[in-house]
Participant: 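This is the structure I have questions about; it appears just below.
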Amino acid sequence: ELQRRAADYFADLARRSILNDLPKEALRYYNQALSNDPSRVHYYKSIAELYEKSFKDLNMAIKYYDRYLEACKDRHSAEFDATVAYVRQLRDQYVQQDAERQRRQAEEDERAQAEQTQREQDAAQRQREFEAARQSAETYDALLQEGARYMSDDNLNLERAREAYQKAINLNPLYPNAYYNLGLIYYRQTNMAQSVEYFDKALVQNPRFADAHLALGMAYERMQRRTDAIEHCQLYLEIAPNGARAEEIKQWLERNAGAQ
């Protein structure tokens, strides 16, 4: 009698939980009702309906419908036969859903494999690019050193220096230094238009290249473009406030800023 009352209690809690849209609680209470009174096999059907309608889990729903039908197999009725037919439909629906799930899973696995393959290929490509960049950087630096050697007073040969820097640019056009050094060559040759062009190119690759801003400012000053000169000198100080020529440029700006 005590177990029967406990089963009634939990079954009532289960029904209340369903009314309050608490399917997990309802499932727990129906199982507790069954544990107190296993003869109430119709709760298997209630559990099956919860799995079917609230949890959208046809596999578990079919399992509990089967438990219900197994328990009621000796009590044939119209309701029993209708449930048998209904479960047959659910099985067909589940088979279709499972086939669709497997198809989607196969597509997902294929996509994941393709993405993994692509990541591995990308990683290998980055490694190749890294190695190429490292070798390129070594050669690039060697060309910069060669150009610097020909710009020194002991080995002054601006044409040979220009050739070395142009080779460096051809090797890696994304590095700013060779552009800057070519600008210095044209500056020394008083070809201000060309020097401005190459200082600008250096700044395209590195907008915070302080020395390039300073050199561009000096080139503009010699071209009597005072406003542009002041702008780039100010940028030099903003980027390198403690730079080698910072004090000199501050004094120059104090003298010339009013001439904008």
Participant: With clusters defined by side-chain heavy atoms of hydrophobic residues (ILVMFWY) lying less than 4.5 Å apart, directly or transitively, does Leu27 cluster with Leu13?
Facilitator: no
Participant: Can Leu22 be reached from Tyr9 by stepping across I, L, V, M, F, W or Y side chains whose heavy atoms are under 4.5 Å apart?
Facilitator: no
Participant: Do the side chains of Glu254 and Lys250 get close enough for a salt bridge, i.e. N-O under 4.0 angstrom?
Facilitator: no
Participant: Surrounding NZ of Lys167 (heavy atoms of other residues, nucleotides or ligands, distance under 6.0 Å), is the total greater than 12?
Facilitator: no
Participant: For atom CZ of Arg5, decide whether the heavy atoms of other residues, nucleotides or ligands shown that lie under 6.0 angstrom number more than 12.
Facilitator: no
Participant: Nearest heavy-atom pair of Cys233 and Gly217: which atoms, and what distance?
Facilitator: SG-CA, 4.3 Å
Participant: Is it true that Gln118 and Asp122 share a donor-acceptor pair across their side chains at a distance under 3.5 Å?
Facilitator: yes
Participant: Transitively linked via ILVMFWY side-chain contacts under 4.5 Å: Leu171 with Tyr165?
Facilitator: yes
Participant: Checking Arg162 side chain against Asn157 main chain: does a donor-acceptor pair fall under 3.5 Å?
Facilitator: no
Participant: So, for Tyr140 and Tyr175, is the gap between ring centers shorter than 6.0 Å?
Facilitator: yes
Participant: Regarding Asn170 and Gln166, is there a side-chain donor-to-acceptor distance under 3.5 Å anywhere?
Facilitator: yes
Participant: Under 3.5 Å, side chain of Tyr51 to main-chain N/O of Ile62, donor-acceptor pair present?
Facilitator: no
Participant: Using a strict 4.0 Å threshold on nitrogen-to-oxygen distance, state whether Arg40 and Asp37 make a salt bridge.
Facilitator: yes
Participant: Are Gln105 and Asp109 linked by a side-chain donor-acceptor pair shorter than 3.5 Å?
Facilitator: yes
Participant: Has the side chain of Asp12 got a donor or acceptor atom that lies under 3.5 Å from a matching backbone atom of Asp8?
Facilitator: no
Participant: Spell out, as yes or no, whether a donor-acceptor pair under 3.5 Å connects the side chain of His213 to the backbone of Pro207.
Facilitator: yes
Participant: Are Tyr65 and Val95 in one and the same hydrophobic cluster, where Ile, Leu, Val, Met, Phe, Trp and Tyr link if side-chain heavy atoms are under 4.5 Å apart?
Facilitator: no
Participant: Between Asp66 and Lys63, does any side-chain N to carboxylate O distance fall below 4.0 Å?
Facilitator: no
Participant: For Glu231 and Arg226, run salt bridge (charged side-chain N to carboxylate O under 4.0 Å, His left out): C-alpha distance rounded to whole Å, both residues' side-chain angles, the deciding distance at 0.1 Å, then the answer.
Facilitator: CA-CA 9 Å; Glu231 176 187 352; Arg226 182 64 57 82; over 6 Å; no
Participant: Provide the closest heavy-atom pair for Ala210 versus Ala240 in the form atom of the first, atom of the second, distance.
Facilitator: CB-CB, 3.9 Å
Participant: Looking only at side-chain N and O atoms, does Gln102 offer a donor or acceptor that is under 3.5 Å from a partner on Asp98?
Facilitator: yes
Participant: If you count every heavy atom of other residues, nucleotides or ligands that lies below 6.0 Å from Glu115 atom CD, does the total exceed 12?
Facilitator: yes
Participant: Just by distance, with hydrogens left out, do Thr117 and Gln121 show a side-chain donor and acceptor under 3.5 Å apart?
Facilitator: no
Participant: Do Tyr180 and Phe209 have ring centroids that are under 6.0 Å from one another?
Facilitator: yes
Participant: Between Lys73 and Glu70, is the closest basic N to carboxylate O distance under 4.0 Å?
Facilitator: yes
Participant: Between Asn155 (side chain) and Met151 (backbone), is there a donor-acceptor pair under 3.5 Å?
Facilitator: no
Participant: Testing the basics here: between Ala244 and Tyr236, what is the closest heavy-atom pair and its distance to 0.1 Å?
Facilitator: N-OH, 3.6 Å
Participant: To the nearest 0.5 Å, what is the distance between CD on Glu221 and CG on Leu216?
Facilitator: 12.0 Å
Participant: Are more than 12 heavy atoms, taken from residues, nucleotides or ligands other than Arg222, located less than 6.0 Å from that residue's CZ atom?
Facilitator: yes
Participant: Is the shortest side-chain N to carboxylate O distance from Arg104 to Glu100 below 4.0 Å?
Facilitator: yes
Participant: Can Tyr94 be reached from Tyr44 by stepping across I, L, V, M, F, W or Y side chains whose heavy atoms are under 4.5 Å apart?
Facilitator: yes
Participant: Should Glu108 and Arg103 count as an ion pair when the cut-off is N to O under 4.0 Å?
Facilitator: no
Participant: Between Asn172 (side chain) and Leu174 (backbone), is there a donor-acceptor pair under 3.5 Å?
Facilitator: yes
Participant: Quick check: closest heavy atoms across Ala11 and Tyr43, and the distance to 0.1 Å?
Facilitator: CB-OH, 3.0 Å
Participant: Short question: side chain of Tyr220, backbone of Ile230 - any donor-acceptor pair under 3.5 Å?
Facilitator: no
